[in-house]
Amino acid sequence: MTDPRTGPARWSALTASLLFGATACGGVDPAGAEHYLDLSDQPMAASGIELATVDGEPWGFTDVAEDRLTLLFFGYTSCPDVCPMTMAEIDLALDEAGDDADGFDVVMVSSDPVRDTGQQLRSWLDRFDPDFQGVRGDVDATVEAARDYGVPIEAPQETEGEYLVSHGGRILVLTPGGEAAGMFDEGVTADQIAPLLPALREELL
C-alpha cells in the first residue's frame, strides 16, 4: 500500500499547492499572482485629497468603510472599452466570490468630472451594480489623488475637435484606512480577481 504521507497522492497535492498558490483560507495567495502587485508589507499612504460623492457630499479616501476593503478604479463613463469592461469584470468577480464579496466595496473616481455629472456617474454605475459608489471632484485634485496611488492620469484635453481623456487601468485594493495594500493589473479578468478575494479579505481585514 502506498504511504499517503510520501506517495504519489502526497506529491500531487504538494505540486497543486505550489502551482496555484493555495492558501489556508481557500483562496489564492496574492503575493504569488502575476496579475496582482502585493504592497501589503509597505502599503501606499492614503491620499489626502478631498472629492465628493455623486450626491455632492464630501468624500475622502480615508472615508472608505472601516470593516471592508475597497476596490478603487479611476475611469470615466464615456470610455468606449477599458472602463466598462473593468467594471463588468469586477461585478462578475464579486458574483463568483459569493459570500467573500461581502467584505468589499467598489468605488469609481471619475477622471472626466466635467462631463461626468453626479447623475451621469450614478446612472452609469447602476448598469453594473447599484451598490457601486461614484466619486468626482475638481479635475486637478483628481489627477493628484490618482498619482498619490501611483496611477498616472492627466486632465482631459480637447485637441483638433477630439476630447481626449486618460485614465488608469489598475484596480487598487484599499484597506479601511485608505492605504493601498495592492493593485490588480490593467485588463485583469473576473477569473483572475475572484480567487484572490478570500485571501485579501482574510489578510487585510
Side-chain angles (χ1 to χ4, degrees), residues 16-17 19-40 43-44 46 53-54 59 61 63-111 116 121-135 146 149-151 153 167-205:
S17 177
L19 286 175
F20 294 100
T23 64
C25 62
V28 174
D29 182 4
E34 294 183 359
H35 51 277
Y36 181 78
L37 177 60
D38 184 10
L39 303 172
S40 56
M44 301 174 71
T53 68
V54 293
W59 186 92
F61 293 90
D63 292 330
V64 293
E66 297 180 358
D67 58 347
R68 299 160 68 84
L69 299 176
T70 297
L71 301 178
L72 180 75
F73 179 72
F74 289 86
Y76 66 109
T77 66
S78 299
C79 177
D81 40 40
V82 175
C83 298
M85 289 177 60
T86 299
M87 300 309 289
E89 294 293 343
I90 292 175
D91 184 37
L92 182 56
L94 293 175
D95 284 342
E96 293 180 4
D99 291 342
D100 288 300
D102 293 339
F104 292 85
D105 285 334
V106 177
V107 174
M108 176 170 144
V109 180
S110 174
S111 59
D116 283 346
L121 185 53
R122 178 68 271 158
S123 176
W124 190 82
L125 290 172
D126 284 346
R127 300 176 189 174
F128 303 97
D129 190 322
D131 288 332
F132 286 5
Q133 302 173 42
V135 174
Y149 285 119
V151 179
I153 69 173
H167 59 80
R170 300 167 182 165
I171 304 169
L172 296 159
V173 178
L174 304 188
T175 60
E179 295 181 325
M183 59 183 70
F184 289 95
D185 292 341
E186 179 176 351
V188 71
T189 64
D191 288 341
Q192 293 172 321
I193 299 171
L196 270 64
L197 298 184
L200 290 172
R201 180 180 178 183
E202 180 75 17
E203 294 174 7
L204 301 176
L205 287 180

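- Ring geometry for Y149 against F61 counts as perpendicular: the plane angle is over 60°, on a 0 to 90° scale with 30° as the lower cut.
- Taking 4.5 Å as the limit, every side-chain heavy atom of D185 sits out of range of all side-chain heavy atoms of R170.
- Side-chain contact between E186 and V82 is present, with at least one heavy-atom pair separated by less than 4.5 Å.
- Side chains of D131 and V106 form no contact here, defined as non-hydrogen atoms less than 4.5 Å apart.
- Heavy-atom minimum distance, A181 versus P43: CA-CB, 4.2 Å.
- Expressed to the nearest 0.5 Å, how far CG of L94 lies from CG of L71 amounts to 6.5 Å.
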I'd like to know whether I193 forms a side-chain contact (heavy atoms from CB on, under 4.5 Å) with F184, so could you lay out the CA-CA distance, the side-chain angles of the two residues, the decisive distance to 0.1 Å, and finally the verdict. CA-CA 8 Å; I193 299 171; F184 289 95; 3.9 Å; yes
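- A side-chain contact (heavy atoms from CB on, under 4.5 Å) with M108 is found for exactly one of F132, W124, F74, F128, namely W124.
- To the nearest 0.5 angstrom, Y36 atom OH is 10.5 Å from D29 atom CG.
- In this structure, the separation between CG on L200 and CG on L205 is 9.0 Å, given to the nearest 0.5 Å.
- A distance of 11.5 Å separates OG1 in T175 from CD in E66, rounded to the nearest 0.5 Å.
- Separation of atoms CG (L92) and CG (D129) is listed at 12.0 Å; rounding is to 0.5 Å.
- For the residue pair A194 and A93, the shortest heavy atom distance occurs at CB-O, 3.6 Å.
- In plain terms, the two heavy atoms of C79 and P84 that are nearest each other are O-CD, 3.5 Å.
- Minimum interatomic distance between P176 and L69 (heavy atoms only, all atoms of both residues): CD-CD2, 4.2 Å.
- Contact detail for A33 and L196: the closest heavy-atom pair is CB-CD2, 3.9 Å.
- Within the structure, salt bridge (charged side-chain N to carboxylate O under 4.0 Å, His left out) pairs that include any residue of residues 96-107 comprise R68-D105, D100-R201 (at least two apart or interchain).
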Before you tell me yes or no, could you show the steps for M183 and I171 under side-chain contact (heavy atoms from CB on, under 4.5 Å), namely the whole-Å CA-CA distance, both residues' side-chain angles and the distance that decides it to 0.1 Å? CA-CA 5 Å; M183 59 183 70; I171 304 169; over 6 Å; no
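- Across H35 and Q192, no two heavy atoms sit closer than the pair NE2-O, 3.0 Å.
- We find the CG-CD distance between D63 and Q133 to be 10.0 Å, quoted to the nearest 0.5 Å.
- Side-chain contact between V188 and E89: absent, with no pair of heavy atoms (C-beta onward) separated by less than 4.5 Å.
- Residues V151 and L172 meet the side-chain proximity criterion, which asks for heavy atoms closer than 4.5 Å.
- Inspection of the S40 and D38 side chains reveals an N or O donor paired with an N or O acceptor under 3.5 Å.
- A heavy-atom distance below 4.5 Å is found between the side chains of F104 and L197.
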